[in-house]
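Notes for the one structure printed next.
As the structure lists them, so they are numbered: ligands from 1, and atoms in each ligand from 1.
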Amino acid sequence: MILAPSILSADFGRLADELQRVERGGAGLVHVDVMDGHFVPNLTLGPPVVKALRRATRLPLDVHLMIEHADRWLDAFIDAGADWVSLHVEAVTHLQRAVAHLKARGVRAGVALNPATPLSALEEILPELDYVLIMSVNPGFGGQSFIPGALDKVRRLAGMLRARALGARIEVDGGVDPGNVRALLDAGAEILVAGSAVFGQGDAEAGARALLAAAA
Ligand code: DX5
Ligand code: ZN
């Protein structure tokens with residue numbers, strides 16, 4: 001299991017400290033939620049914050065773009081220090097071009113699916129992906145409840161990948177907590193994003209450790 005704490009639930013006044021805490025807690029990636037107030041009903045951060053995060057941690061930055069016209073912003077986020085970049089299939093018209101661009105720039109390319117978007121939307125692009133981000137909440141906010149149907153979606157995606165002998169990894173985002181970690185890993189997820197479960201209790205190091213312990 002790779003734990004990817006989502007800084008959306010961190011203390012934005014002390015981001016560098018929060019990153020140190022999750023590093024000590026065993027995080028493998030830092031999940032960065034970019035929202036534009038159009039694709040999702042919330043606004044968060046842009047490339048200057050990614051650049052500051054890049055200087056504050058050695059962990060790879062996993063940038064989740066919940067924005068319209070994401071293809072116009074890829075270079076800005078990569079130049080700022082993104083290592084993994086995911087795009088929503090619902091928000092990018094020329095998805096293959098955007099994925100090919102990410103790969104040409106040497107970053108890991110991912111595609112994200114909202115809860116109501118079927119796996120069939122991945123059929124053509126799947127061989128080109130480094131990872132698939134299955135949303136287990138409707139994107140926009142931290143602290144929402146896990147949508148139970150996501151578990152079977154992960155299982156079916158793992159089956160599709162096996163049947164086609166493809167190597168994309170499965171990331172799950174939304175409502176991940178110590179109570180569902182084990183089931184998600186058993187279903188085939190490998191990268192688990194967690195915001196409130198890591199940062200919500202006030203001690204991000206302990207929050208990260210509790211999630212990793214739940215995987216054991
Ligand atoms: C939701 C974001 C998530 C969010 C997860 O739109 O994409 O990454 O931060 O937060 P929790 O873990 O609190 O559901
Ligand atoms: Zn996210």
Heavy-atom contacts with [X] under 4.0 Å: which atoms of ligand 1 show up? List them by number with element.
{"X": "G175", "result": "11 (P), 12 (O), 14 (O)"}
{"X": "H64", "result": "7 (O)"}
{"X": "P139", "result": "6 (O)"}
{"X": "A194", "result": "12 (O)"}
{"X": "M135", "result": "7 (O)"}
{"X": "M35", "result": "6 (O)"}
{"X": "M66", "result": "6 (O), 7 (O)"}
{"X": "H31", "result": "8 (O)"}

Return the residue, atom name and 0.1 Å-rounded distance of the protein heavy atom closest to [atom].
{"atom": "atom 9 (O) of ligand 1", "value": "S6 OG, 2.8 Å"}
{"atom": "atom 12 (O) of ligand 1", "value": "G195 N, 2.7 Å"}
{"atom": "atom 3 (C) of ligand 1", "value": "D173 OD1, 2.9 Å"}
{"atom": "atom 10 (O) of ligand 1", "value": "G142 CA, 3.6 Å"}
{"atom": "atom 1 (C) of ligand 1", "value": "F141 O, 3.6 Å"}
{"atom": "atom 6 (O) of ligand 1", "value": "G140 N, 2.7 Å"}
{"atom": "atom 13 (O) of ligand 1", "value": "S196 OG, 2.5 Å"}

Do [X] and [Y] have side-chain heavy atoms sitting under 4.5 Å apart?
{"X": "L119", "Y": "V132", "answer": "no"}
{"X": "L161", "Y": "I170", "answer": "yes"}
{"X": "W73", "Y": "V34", "answer": "no"}
{"X": "R155", "Y": "L151", "answer": "yes"}
{"X": "L122", "Y": "L129", "answer": "yes"}
{"X": "V176", "Y": "V193", "answer": "no"}

* Residue and atom, protein N/O/S, under 2.8 Å of the Zn ion (ligand 2) -> H31 NE2, D33 OD1, H64 ND1, D173 OD2

* Under the side chain to side chain contact (heavy atoms under 4.5 Å, CB included) test, which residues partner P148, sequence neighbours left out? -> none

* Structure fact -> Applying side chain to side chain contact (heavy atoms under 4.5 Å, CB included) to R14 and not counting sequence neighbours gives D11, D17, E18, R21

* Asked: Is the shortest N/O to N/O distance between G143 and ligand 1 below 3.5 Å?
  -> yes

* Report yes or no: does A197 have a heavy atom closer than 4.0 Å to ligand 1? => no

Would you say [Y] and [X] are linked by a side-chain donor-acceptor pair, where the criterion is simply a distance under 3.5 Å?
{"X": "H31", "Y": "D173", "result": "yes"}
{"X": "H69", "Y": "D36", "result": "no"}
{"X": "T44", "Y": "D33", "result": "no"}

* To do: Check for a donor-acceptor pair, side chain of D130 on one end and backbone N or O of G110 on the other, with a separation under 3.5 Å.
  => no

* side chain to side chain donor-acceptor pair (under 3.5 Å): which pairs involve residues 115-124, sequence neighbours left out? -> E90-T117

* To do: Would you mind checking if D83 and R54 are paired as a salt bridge, meaning a charged N to carboxylate O distance below 4.0 Å?
  => yes

